[in-house]
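The structure appears below as structure tokens.
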Amino acid sequence: MAIDLRSDTVTRPSEAMRAAAADADVGDDVYGEDPTVNDLEAAAADRVGTEDALYVPTGTMGNQIAARVHTERGQEVILDRESHIYRWELGGLAQLSEVQPRTVDTADGVPTPEDVAAAYVEESLHRPGTGLLTLENTHNARGGVAVPPESISAAAAAAHDRDIPVHLDGARLFNACVALDVAPERMVRDVDSVLFCLSKGLGAPVGSILAGDAEFVAAARRVRKLFGGGMRQAGMIAAPGLLALENVERLSTDHDNAARLAAGLDAIDGLRAPEPDTNIVQVHTDALGVDAEEFVATCEDYGVRGGAHGPTLTRFCTHLDVDRADIEAAIERVTAAVGELRE
């Protein structure tokens with residue numbers, strides 16, 4: 001059986017989640033009448049210390065809703081060049097909000113106050129001005145980097161000094177909080193909105209949360225409807241989300257498994273796998289002389305699934321459906337795959 005390490009989105013809902021879905025008390029969520037969705041939104045807001053929260057189908061939709069609410073057409077959005085919102089959301093900033101990204105090259109995925117100041121554009125007769133700063137934690141493309149809250153706060157302060165709102169793409173927010181032993185409320189304290197996923201390491205089958213103050217969430221609810229995210233008896237998919245919020249503390253197991261996987265792969269001649277902060281392992285195959293696509297295909301032949309994320313960069317992601325035995329087996333199988341590639 002293949003060990004699937006492509007992403008933490010491949011998790012399957014537990015039997016308890018399936019039972020909760022079947023037994024969920026439901027109503028029409030567009031009318032605000034689904035009690036299970038309401039319970040989930042309240043629990044999510046409480047978890048991150050915001051006034052309110054909104055259940056959305058996907059993380060991408062949540063990020064794009066935030067951009068639409070925070071900006072005006074034509075404005076610029078400051079964000080890291082490798083950020084998910086910029087690289088992997090189909091140009092949604094331009095297509096859905098008609099704003100333009102101003103990318104910043106950063107050392108660790110988060111613009112410094114100096115980066116924000118340099119990228120800031122004041123509104124004038126000739127320029128639309130900066131309308132939003134977006135941050136990401138953990139930072140997916142940079143290997144699941146857990147960004148400390150001080151860095152989030154410093155960037156946010158630089159933006160707020162210029163009256164720019166700040167959105168945090170926290171798809172894997174709780175991974176960062178667990179890795180750094182930081183309360184979610186502290187991590188998001190200085191941003192104006194935050195997105196986090198229930199369907200990644202927390203194991204729910206569907207859904208993400210967009211949170212902020214009451215005024216922001218009220219506006220976001222209207223944009224969710226505009227974007228086609230208004231759901232009806234959504235309690236059936238929200239109920240597993242309530243259980244997913246109970247899985248936060250166990251994320252440390254995924255981090256430990258990722259550290260073991262990285263160490264095992266780094267010991268294979270021709271591979272380089274730096275120690276990860278969280279549950280994302282990046283494997284470099286340049287020394288092996290093999291591109292990522294070939295490496296991934298060969299690993300899959302040996303029963304380990306990963307994803308090519310660059311010319312010689314492969315990503316493996318640990319999650320609640322793989323245990324330490326799976327990690328040890330994955331190391332053995334990749335070792336064999338590398339042996340074939342060397343022949």
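Keep in mind that what you see is a predicted model, and the values were worked out from it rather than measured. Quick note: numbers below take in every heavy atom, side chains included, and nothing from hydrogens, waters or symmetry partners.
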Quick check: do I78 and T134 have side-chain heavy atoms less than 4.5 Å from each other?
no
Is it true that the side chains of T314 and H309 contain a donor and an acceptor less than 3.5 Å apart?
no
Answer yes when R221 and E41 have at least one side-chain N-carboxylate O distance shorter than 4.0 Å, and no when they do not.
yes
Could you tell me whether R47 sits above the aromatic face of F174, with NZ or CZ closer than 6.0 angstrom to the six-membered ring centre and within 45 degrees of the axis?
yes
Using a 4.5 Å cut-off between side-chain heavy atoms of Ile, Leu, Val, Met, Phe, Trp and Tyr, which other residues end up in the same hydrophobic cluster as I268?
I3, L5, L261, L265, L271, V281, V283, L288, V290, F295, V304, F316, V322, I327, I331, V334, V338, L341
Is any side-chain N of the basic residue among D29 and R224 closer than 4.0 Å to the acidic one's carboxylate O?
yes
Could you walk me through whether R172 and D8 pass the salt bridge (Lys or Arg N to Asp or Glu O under 4.0 Å) test, one step at a time?
CA-CA 10 Å; R172 296 179 176 87; D8 46 9; 2.8 Å; yes
Flag if over 12 foreign heavy atoms under 6.0 Å of CD, E328
yes
Verify the distance criterion only: is there a donor paired with an acceptor across the side chains of H319 and D4 at less than 3.5 Å?
no
Just jot down the salt bridge (charged side-chain N to carboxylate O under 4.0 Å, His left out) partners of R250, sequence neighbours excluded, or say none.
D254
For residues 227-245, the salt bridge (Lys or Arg N to Asp or Glu O under 4.0 Å) pairs (sequence neighbours left out) are D28-R232
Please tell me if the side chains of R315 and N140 come closer than 4.5 Å, counting only heavy atoms from C-beta onward.
yes
Using a strict 4.0 Å threshold on nitrogen-to-oxygen distance, state whether E122 and R162 make a salt bridge.
no
Work out which heavy atom in A21 is nearest to a heavy atom in P240; give both atom names and the distance.
CB-CG, 4.1 Å
Atom CD of E150: over 12 foreign heavy atoms under 6.0 Å:
yes
Residues, nucleotides or ligands: over 12 heavy atoms within 6.0 Å of E340 CD
yes
Got more than 12 heavy atoms from elsewhere within 6.0 Å of CG, L90?
no
